[in-house]
Novice: 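Below you'll find the structure I mean.
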Amino acid sequence: MLPDPSAIKSNIIEALNDQRLRAAVMKATDHSLTKRAEVVAELPHWEALRSQAAQRRQETLLHIDEHLLQLERKASEKGIKVHWASDGAIANRLIGELCQAAVASGMASPGQSQPLIVKSKSMTTEEIGLAPALQAQGFEVVETDLGEYIVQIAGQMPSHITAPALHLSRSDVGRLFADKLGVPYQEDPVELIGIARKILRRKFLSADIGITGCNFAVAESGTPLIVENEGNGRLVSAIPKVQIIVMGMEKVVPTWEDLMILLELLPRSATGQRMTGSVLYFNRPSTGGEPDGPRELHLVILDNGRSRALADPQLRSILCCIRCGACLNVCPVYRRVGGHAYGWVYPGPIGSVLAPIFLGLEKTKDQPFASTLCGRCDEICPVKIDLHHKLLELRHRIIEAQSNWTAERGLLTAWKFVLDRPELYHQLAKLPRFLLHDICRTLKTPGIPVWKQHRDSPDLARRSFSQLFQKEFGSD
Amino acid sequence: MKNPESHREVVLKAIQNGLSSTRHTDHPQEFFMDLIPAPSPQRIGSDEVLHNFQKMLELVGGECYITAGEQSLHAALQEVLQTFAGSAVLLSPDPEIQRLNIDNLILQTSLRIIHPTQQNMEEAALAPVGLTSASAGIADTGTVVLVHIGETGRLSALLPEVHVVLLKKATIYPDKLTFLQQMKLARIDLGATPMTWVTGPSSTADIEKVLVRGAHGPRRLIALLY
Ligand code: SF4
């Protein structure tokens with residue numbers, strides 16, 4: 001499926017009819033939420049932690065240039081090469097050049113006909129389409145996170161920020177492996193993981209360049225880091241002689257104390273773990289005498305729309321996001337349609353806010369409407385982002401930008417007129433009670449808004465509430 | 001747009017322009033300097049802390065043995081390594097491993113020692129077990145802190161199916177914040193050397209959220225405390 005955030009409406013209709021998909025997404029997100037609730041309940045100070053994290057993340061944004069410059073200075077002092085990229089295309093070109101240079105300098109083994117790049121999971125590299133860009137330059141690029149590997153060989157996008165293959169069942173994966181890897185069909189997850197481990201271990205051992213994302217970067221010590229569970233991030237940063245870290249610029253945190261707070265919040269919110277299987281601190285390249293690790297370590301700091309969010313006080317705090325994916329897990333829309341329906345790498349509430357900022361309102365004008373505004377995302381967000389207010393704000397801007405909303409304006413003016421006059425309101429309110437059944441039947445006819453086709457019309461009580469109230473409690 | 005310097009300026013200018021309207025009206029608030037939660041009052045390396053470490057590590061599928069001290073550590077290690085008799089063990093010759101004279105201990109078993117490097121990885125990848133020391137432990141998450149400096153690489157703890165880690169009791173901290181504060185007090189810069197915090201064996205839940213231990217890294221993590 002090609003990413004196309006403007007296709008969200010038709011995608012959703014399609015996804016709603018896919019019972020298997022819905023069952024898979026519901027099951028997986030429920031599982032994550034249950035585990036999260038367990039480990040969150042262990043921390044009596046959870047709410048205080050969230051407030052603290054929210055405050056510190058927001059404060060950091062107001063001085064993000066200073067923190068980034070400190071990060072750059074500290075990292076450079078330790079031999080990390082720092083690069084900046086204002087958008088995805090520039091980043092992809094730059095990283096391509098770094099890879100070419102690694103091959104030319106003999107850092108990447110010369111015997112290979114096609115230099116091999118191993119990647120650990122990174123949504124930021126998905127966002128900029130790094131893997132296809134490098135493949136186009138003749139590199140073999142292998143995703144090594146097992147979920148990412150599965151969607152890569154399936155030719156799909158990840159469907160969740162932290163669980164890329166969440167939409168696939170074990171039999172889907174079994175068929176995929178039989179089809180693409182030529183192994184006998186089986187559906188035991190342990191067996192399937194074993195197969196992938198074996199194939200990917202060969203890749204690791206001959207990899208030339210490792211590419212990782214960046215969960216956070218500590219400015220005061222120049223420390224980019226990632227969290228992961230599978231050990232693939234560890235291999236990506238142990239074996240290849242060149243490592244490139246791609247970092248969205250909002251990932252900077254001023255101090256180690258900030259990091260400790262976020263490390264308390266992120267694993268619990270994302271996967272219901274107290275701590276991820278590993279936290280990798282890329283403090284410096286390895287030196288001559290050291291047996292492993294990258295000899296050359298690059299850090300690419302990426303803007304790609306983030307400074308636009310920064311310039312927009314109402315949307316700015318979206319940059320506090322630590323990509324835990326919890327808002328996807330609770331979102332009643334995401335849970336029913338999965339991630340692919342959004343047509344973009346970041347689905348769910350966070351994605352519907354980021355899409356218009358990163359890609360422009362034009363292509364993404366339906367994204368902020370893929371929400372019930374129930375606010376569960378705000379409640380669960382570990383850094384307390386007011387996601388649903390942002391969705392509402394974006395809806396407002398999208399409507400304002402439309403030239404043809406005179407009809408809507410007229411309707412709303414009429415509505416206001418009625419609301420200002422209680423007597424008139426009461427009289428008019430009686431009207432639909434008689435007409436409702438007819439209206440509902442009309443709505444069921446084809447051509448009428450799709451949402452009605454999936455809903456039943458409620459049966460109305462014979463008397464309205466206010467009539468009953470009047471009857472029961474007298475004339476006032 | 002070829003000059004990398006210019007991309008840097010572009011990004012920084014975009015940030016500064018974006019913030020210009022907010023910054024001067026902004027009253028910089030004091031960060032809460034009292035961190036939540038407060039670091040634990042438990043004593044570093046106390047029995048309470050060790051048992052918590054053990055409990056938390058076991059919860060994530062690790063194994064943990066609290067030995068009486070260096071003498072019993074040797075016996076415990078010998079017992080663990082016996083299972084792998086006849087094969088090779090990956091060993092990082094870090095100072096603590098040398099001080100404990102682990103080489104000698106292994107020579108008395110039928111195991112062969114391999115010091116893994118980027119050069120002998122093919123051979124190293126076949127070894128069933130790896131042995132390292134750890135610089136510290138964090139009890140409330142069952143985490144071991146591995147520091148990669150000098151000859152202490154990453155591969156011994158990573159390539160084999162089983163990682164045996166030796167951890168000094170006196171370096172087990174009740175929680176992350178205590179660890180951080182103690183490092184600051186001791187003027188140890190956590191940003192100076194590459195570091196990995198490992199919590200349990202590697203795992204994945206990428207297929208139907210079924211937890212599978214042993215993804216790309218070790219399937220078993222055995223911590224011996226001394
Ligand atoms: S917006 Fe909040 S809940 Fe959603 S991914 Fe980001 S941090 Fe997690």
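Numbered from 1 within each chain, the chains take letters A, B, ... in sequence-line order.
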Novice: Which one wins on heavy-atom pair count under 4.5 Å against chain B: A:Ala163, A:Gly293, A:Gly289, A:Gly231?
Specialist: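 Ranked by contacts with chain B, first place is A:Gly293.
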Novice: Would you call A:Arg57 and A:Glu250 a salt bridge, taking side-chain N to carboxylate O under 4.0 Å as the test?
Specialist: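 Salt bridge: no.
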Novice: Closer than 4.0 angstrom, basic N to acidic O: yes or no for A:Arg268 and A:Glu38?
Specialist: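 No, no charged N to carboxylate O under 4.0 Å.
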Novice: Would you confirm whether B:His216, through its side chain, and A:Thr144, through its main-chain N or O, come within 3.5 Å as a donor-acceptor pair?
Specialist: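 Present.
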Novice: Looking at chain B, which one of A:Glu220, A:Gln273, A:Glu72 has the largest number of heavy-atom pairs inside 4.5 Å, strictly under?
Specialist: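 So the answer, after comparing A:Glu220, A:Gln273, A:Glu72, is A:Glu72.
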Novice: Using a heavy-atom distance cut-off of less than 4.5 Å, which residues of residues 125-135 of chain B contact chain A?
Specialist: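 Within residues 125-135 of chain B, near chain A: B:Ala125.
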Novice: May I ask you to decide if A:Arg202's main-chain N or O and A:Ser206's side chain share a donor-acceptor pair within less than 3.5 Å?
Specialist: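 The answer is yes, because a donor-acceptor pair under 3.5 Å joins these two groups.
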Novice: Heavy atoms only, distances under 4.5 angstrom: which of B:Ser92, B:Gly217, B:Gly153, B:Ala215 has the most pairs with chain A? Name it, please.
Specialist: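 The answer is B:Ala215.
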Novice: Under 3.5 Å, is there a donor on one side chain and an acceptor on the other for A:Glu230 and B:Thr204?
Specialist: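 There is such a pair between these side chains.
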Novice: With chain B as the partner chain, list the residues of residues 300-309 of chain A whose heavy atoms fall under 4.5 Å from it, by residue number, and write 'none' if nothing qualifies.
Specialist: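 Within residues 300-309 of chain A, the residues that come under 4.5 Å of chain B (heavy atoms only) are A:Asp303, A:Ser307.
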Novice: Do you know which of A:Thr223, A:Leu280, A:Ile193, A:Leu192 has the most heavy-atom pairs with chain B at a distance under 4.5 angstrom?
Specialist: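 The answer is A:Ile193.
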Novice: Under a 4.5 Å heavy-atom cutoff, which of B:Ala157, B:Ala205, B:Gly142 has the most pairs with chain A?
Specialist: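 Heavy-atom pair counts peak at B:Ala157.
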Novice: Please determine, among A:Met260, A:Lys27, A:Arg170, A:Arg274, the option with the most heavy-atom pairs under 4.5 Å with chain B.
Specialist: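 Highest number of heavy-atom pairs under 4.5 Å: A:Arg170.
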Novice: Which one of B:Pro201, B:Ala14, B:Gly150 has the most heavy-atom pairs closer than 4.5 Å to chain A?
Specialist: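 Heavy-atom pairs under 4.5 Å are most numerous for B:Gly150.
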Novice: Please determine, among B:Asp189, B:Leu158, B:Thr143, B:Val210, the option with the most heavy-atom pairs under 4.5 Å with chain A.
Specialist: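 Highest number of heavy-atom pairs under 4.5 Å: B:Leu158.
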Novice: Are the aromatic ring centres of A:Tyr281 and A:Trp256 under 6.0 angstrom apart?
Specialist: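 Between A:Tyr281 and A:Trp256, the centre distance is under 6.0 Å.
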Novice: At a 4.5 Å cut-off on heavy atoms, which part of A:Phe204 comes close to chain B: side chain, backbone, both, or neither?
Specialist: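 Just the side chain, heavy atoms under 4.5 Å.
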